[in-house]
Amino acid sequence: MSGAIPDATIAFLAISTAIAFGLPIGLVAYYRLRHRIALIVAGSGAAVWLAFALGLEGALHTVVLPLIDPGSQPFVFGAYGALAAGVFEEVGRYVALLFFLKTRRQWKDGMAFGIGHGGAESIVIAALPFSQLLVLAMMINSGTFAQVEGLLPEEASSAIRQSLTATDPYLFLVGGMERAFAISVHIALSMVVLYGLATGKGIRFLLIAIAFHAGVDFLPALYQAGVVDLALTEAMVGVFAGASLFVIYLARKRWPVIPAAAP
């Protein structure tokens, strides 16, 4: 069929959609049943991402990004993007945990907050658009896309077809893998910030979290600017994700004994 979407594209979109939706939901369910994490803490993590990353950071981007040319200023673009993400998201974690979750100081609270924070990001920037592309791809291959194509601007219809036919199928799988990496990073950073508060070293560990977060986001920003390739970018993000898993393990082992709040 002319213009048909490759089966691999549909399969990888389905896998990535399942990861982006299923991983955060599955983690919440598992840790709720196994460790009685508080849903209010997970919800707070999600709210912080929506308010500080999607809201405040996004508003700053509308002002600053038009002033930076990624092509001629790739490292300025990369440094700005990385630091903005690190500062807004980690300060958001710190503020929420310090002022609104004062009684939540156990390792499982850091876990819950990170799952909620990373889960909100995963669902909004990956699961929802992937699921939409998946439905559109299946409609194109079944011939039903023509029924709605007339309702769309011609440019939008062409862009949808182009993105689904011209993009290498494996890139859609990379998107799901990247969400798994990102969730592990968000859990680790939430535990780092909370560990600082639990041990009376809040500012020190906040700065560590900002630096780590900026390090994670620097190469992806350079990739967007066209300076580094995708393989190197994802490899380094994978390294940071591996380091995050070690941080999660280490933090739990060394967490101070603190009385549990009501779940």
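By convention here, the first residue in the shown sequence is residue 1. Remember, predicted model here, so these are calculated numbers, not experimental data.
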Legend entry - Criterion side-chain contact (heavy atoms from CB on, under 4.5 Å) on F145 and R161, from CA distance to verdict: CA-CA 10 Å; F145 183 66; R161 289 182 178 273; 3.5 Å; yes
Legend entry - Rounded distance [0.5 Å steps], CG in L60 versus OG1 in T62: 7.5 Å
Legend entry - Test log, rule side-chain contact (heavy atoms from CB on, under 4.5 Å), inputs F172 and L133: CA-CA 10 Å; F172 293 111; L133 285 174; 4.1 Å; yes
Inset, instruction - Give a yes or no on whether D7 atom CG has more than 12 heavy-atom contacts from other residues, nucleotides or ligands under 6.0 Å away. - result: no
Legend entry - Considering all heavy atoms, the nearest F181-A241 contact: CD2-CB, 3.7 Å
Inset, instruction - Begin from the C-alpha positions of F21 and R179 and carry the test side-chain contact (heavy atoms from CB on, under 4.5 Å) through to its verdict. - result: CA-CA 10 Å; F21 267 126; R179 287 306 94 208; over 6 Å; no
Legend entry - H186 side, atom NE2; E90 side, atom CD - distance, nearest 0.5 Å: 8.0 Å
Inset, instruction - Measure the CZ-CD distance between R93 and E89 for me, rounded to the nearest 0.5 Å. - result: 6.0 Å
Inset, instruction - Check whether any side-chain heavy atom of L189 lies under 4.5 Å from a side-chain heavy atom of V193, and answer yes or no. - result: no
Inset, instruction - State, yes or no, whether a side-chain contact exists between V237 and L219 at a heavy-atom distance under 4.5 Å. - result: no
Legend entry - Expected output: side-chain T167 to main-chain L164 donor-acceptor under 3.5 Å: no
Legend entry - Donor-acceptor side-chain pairing of H117 and E121 below 3.5 angstrom: no
Inset, instruction - For residues P256 and T199, report the shortest heavy-atom separation together with the two atoms involved. - result: CG-CG2, 4.0 Å
Inset, instruction - For I40, look at atom CD1 and say whether over 12 heavy atoms of other residues, nucleotides or ligands are found less than 6.0 Å away. - result: no
Inset, instruction - Treating Ile, Leu, Val, Met, Phe, Trp and Tyr as nodes and any side-chain heavy-atom pair under 4.5 angstrom as an edge, say whether L33 and I25 lie in one connected cluster. - result: no
Legend entry - pair T165-I140: side-chain heavy atoms closer than 4.5 Å: no
Inset, instruction - Kindly indicate whether the side chain of I19, heavy atoms from C-beta on, has any atom under 4.5 Å from the side chain of M177. - result: no
Inset, instruction - Nearest 0.5 Å please: distance from the NZ atom of K102 over to the CG atom of L197. - result: 11.5 Å
Legend entry - Minimum heavy-atom distance between L56 and F88, given as atom pair plus value: CB-CE2, 3.6 Å
Legend entry - Main-chain N/O of M111 paired to S190 side chain as donor or acceptor, under 3.5 Å: no
Inset, instruction - Establish, yes or no, whether a centroid distance under 6.0 Å links the rings of F205 and Y94. - result: no
Legend entry - Y170 backbone acceptor or donor facing D168 side chain under 3.5 Å: no
Inset, instruction - Could you tell me which non-hydrogen atom of K108 sits nearest to which non-hydrogen atom of R36, and how far apart they are? - result: NZ-O, 3.6 Å
Inset, instruction - Check the surroundings of atom CZ in F12: do more than 12 heavy atoms from other residues, nucleotides or ligands lie under 6.0 Å from it? - result: yes
Inset, instruction - Quick one: do F77 and L222 satisfy side-chain contact (heavy atoms from CB on, under 4.5 Å)? Show the steps, please. - result: CA-CA 7 Å; F77 176 81; L222 291 184; over 6 Å; no
Legend entry - Connected via hydrophobic side-chain network under 4.5 Å: L97 and W49: no
Inset, instruction - State plainly whether one hydrophobic cluster holds both V192 and L245, where clusters connect Ile, Leu, Val, Met, Phe, Trp and Tyr through side-chain heavy atoms under 4.5 angstrom apart. - result: yes
Inset, instruction - Identify the heavy atoms of P74 and V227 that sit nearest to each other, and give their distance. - result: CB-CG2, 3.2 Å
Legend entry - Separation between CD1 of I10 and CD1 of I15, rounded to the nearest 0.5 Å: 12.0 Å
Legend entry - L13 backbone acceptor or donor facing S16 side chain under 3.5 Å: no
Inset, instruction - Answer with yes or no whether the hydrophobic clustering places V228 together with V174; edges join I, L, V, M, F, W, Y residues whose side-chain heavy atoms lie under 4.5 Å apart. - result: yes
Legend entry - Parallel, tilted or perpendicular, as decided by the 30° and 60° cut-offs, for the rings of F218 and F75: tilted
Inset, instruction - Enter the distance from I210:CD1 to L83:CG here, rounded to the nearest 0.5 Å. - result: 9.0 Å
Inset, instruction - Please check if the side chain of D109 supplies one atom and the backbone of Q106 the other of a donor-acceptor pair under 3.5 Å. - result: yes
Inset, instruction - Locate the shortest heavy-atom distance separating H35 from W107; write the atom from each residue and the value. - result: ND1-CZ2, 3.8 Å
Inset, instruction - Treat each ILVMFWY residue as a node, draw an edge where side-chain heavy atoms are under 4.5 Å apart, and state whether Y249 and V185 are in one component. - result: no
Inset, instruction - Check for a donor-acceptor pair, side chain of R105 on one end and backbone N or O of L101 on the other, with a separation under 3.5 Å. - result: yes
